[in-house]
2 protein chains.
Amino acid sequence: MERYEHPAIADVDICRLFAALSDPVRLAVVRNLARHGALNCAALTMDRPRSTMSHHFRVLRAAGLVRTTVSGTEHVNALRKTELEARFPGLLRLILEEGGD
Amino acid sequence: MERYEHPAIADVDICRLFAALSDPVRLAVVRNLARHGALNCAALTMDRPRSTMSHHFRVLRAAGLVRTTVSGTEHVNALRKTELEARFPGLLRLILEEGGD
DNA sequence: ATCATAGTTCGAAAAAAGTCGAACTTAAAG
DNA sequence: CTTTAAGTTCGACTTTTTTCGAACTATGAT
């Protein structure tokens, strides 16, 4: 059984956060999550191999943007929406801004 | 006489913007500019050689964050505050957040 | 003209990030 | 127990960033 580590929201570094969002693939993932709620990895394949996406999810988790939970054989990713909005008010709005998909 | 190119605020890409802010040196520069207004490069040496800083200023300009104007022998950098706030409301607040220097 | 000051550009080297195939793990289904 | 589905980990490779010395440009002062 695999569990993931997630930083406490208080420990989230804005610099790392910006770095996570600076990749177009990851930004697209975050936007998808913001729009459609929690999704498993399979639903977020951005036309890339699983190993590539796995890497991006790791970065998103480490940055504090996404929380991943295991449910059966699926790994479900969710935006840490409430926490993020509390710690970085305006961030989510900024990300969703006139956004592509 | 050297002039710099600055993207129109409408052309600024949020992804590039995040990338620019993901470097601690550059984030510190932006925070300094937000606090103290326009500064020349000499005032923003973050304990790095001039060539290194020159590179960072180039990135900040290309991202649309900073406007550099030449005044005599000084190159003065200013945050594109009003434009940025209009295009990305909340961004500046986010950057200044509980911020270090 | 000469010199000093402020900053850029160039080029090379080092470090960090992104990409992806192959092998592996875990859980569920048959 | 075997197979399948969903993802991860590992390792290699490529691309991008960062860093900085050395040489250069432009302005202002002497």
Colleague: So do B:L21 and A:I14 actually touch side chain to side chain, heavy atoms under 4.5 Å?
Modeller: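 A:I14 vs B:L21: side chains apart.
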Colleague: Tell me whether B:R31 contacts the main-chain N or O of B:I95 through its side chain, where contact means a donor paired with an acceptor under 3.5 Å.
Modeller: yes
Colleague: Between B:R87 and A:E97, does any NZ, NE, NH1 or NH2 come within less than 4.0 Å of an OD or OE carboxylate oxygen?
Modeller: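 So A:E97 pairs with B:R87 through a salt bridge.
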Colleague: Could you check how far CG of A:N40 sits from P of C:dT26, rounded to whole Å?
Modeller: 20 Å
Colleague: Between C1' on C:dG18 and CE on A:M46, what's the gap in Å once rounded to a whole number?
Modeller: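 Distance, rounded to whole Å: 15 Å.
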Colleague: Let me know, please, whether A:D47 or A:T73 comes out on the 5' side of the other along DNA chain C by nearest nucleotide.
Modeller: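 That would be A:D47.
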Colleague: Is any side-chain heavy atom of B:P24 closer than 4.5 Å to one of B:M46?
Modeller: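 Not in contact.
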Colleague: Please report, rounded to the nearest Å, how far the P atom of D:dG7 is from the CZ atom of A:R3.
Modeller: 16 Å
Colleague: Write out all pairs satisfying ring-ring contact (aromatic ring centres under 6.0 Å, His included) with one or both partners inside residues 76-98 of chain B, taking only residues at least two apart or from two chains.
Modeller: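 Counting only pairs at least two positions apart or across chains, no ring-ring contact (aromatic ring centres under 6.0 Å, His included) contact touches residues 76-98 of chain B.
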Colleague: Short question: side chain of B:S54, backbone of B:S51 - any donor-acceptor pair under 3.5 Å?
Modeller: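 Here the side-chain-to-backbone pair does not exist.
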Colleague: For a 4.5 angstrom cut-off between non-hydrogen side-chain atoms, does B:L39 reach B:N77?
Modeller: no
Colleague: Centres of the B:H75 and B:F57 rings: under 6.0 Å?
Modeller: no
Colleague: Please list, by residue number, the residues of residues 13-25 of chain A whose heavy atoms come closer than 4.0 Å to an atom of DNA chain D; answer none if no residue qualifies.
Modeller: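 Result for residues 13-25 of chain A: none.
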Colleague: Nearest whole Å is fine: how far is D:dT8 C1' from A:R58 CZ?
Modeller: 8 Å
Colleague: Let me know the distance between NE2 of B:H75 and P of D:dT25, rounded to the nearest Å.
Modeller: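 In whole Å, D:dT25 P lies 14 Å from B:H75 NE2.
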Colleague: What's the CG-C1' distance between A:L39 and D:dA6, to the nearest Å?
Modeller: 15 Å
Colleague: Rounded to whole Å, please give me the gap between CD in A:E74 and C1' in C:dA29.
Modeller: 15 Å
Colleague: Taking atom NE2 of A:H6 and atom OG1 of A:T69, what is their separation to the nearest 0.5 Å?
Modeller: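 Spacing of NE2 (A:H6) from OG1 (A:T69) equals 7.5 Å.
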Colleague: Of all the nucleotides listed (C:dG18, D:dA6, D:dG7), which has the minimum atom distance to the side chain of A:Y4?
Modeller: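 Within the option list, the nearest is D:dG7.
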Colleague: Mind running a 4.0 Å heavy-atom check of residues 48-57 of chain A against DNA chain D and sending the residues that fall below it, in number order?
Modeller: A:R50, A:S51, A:S54
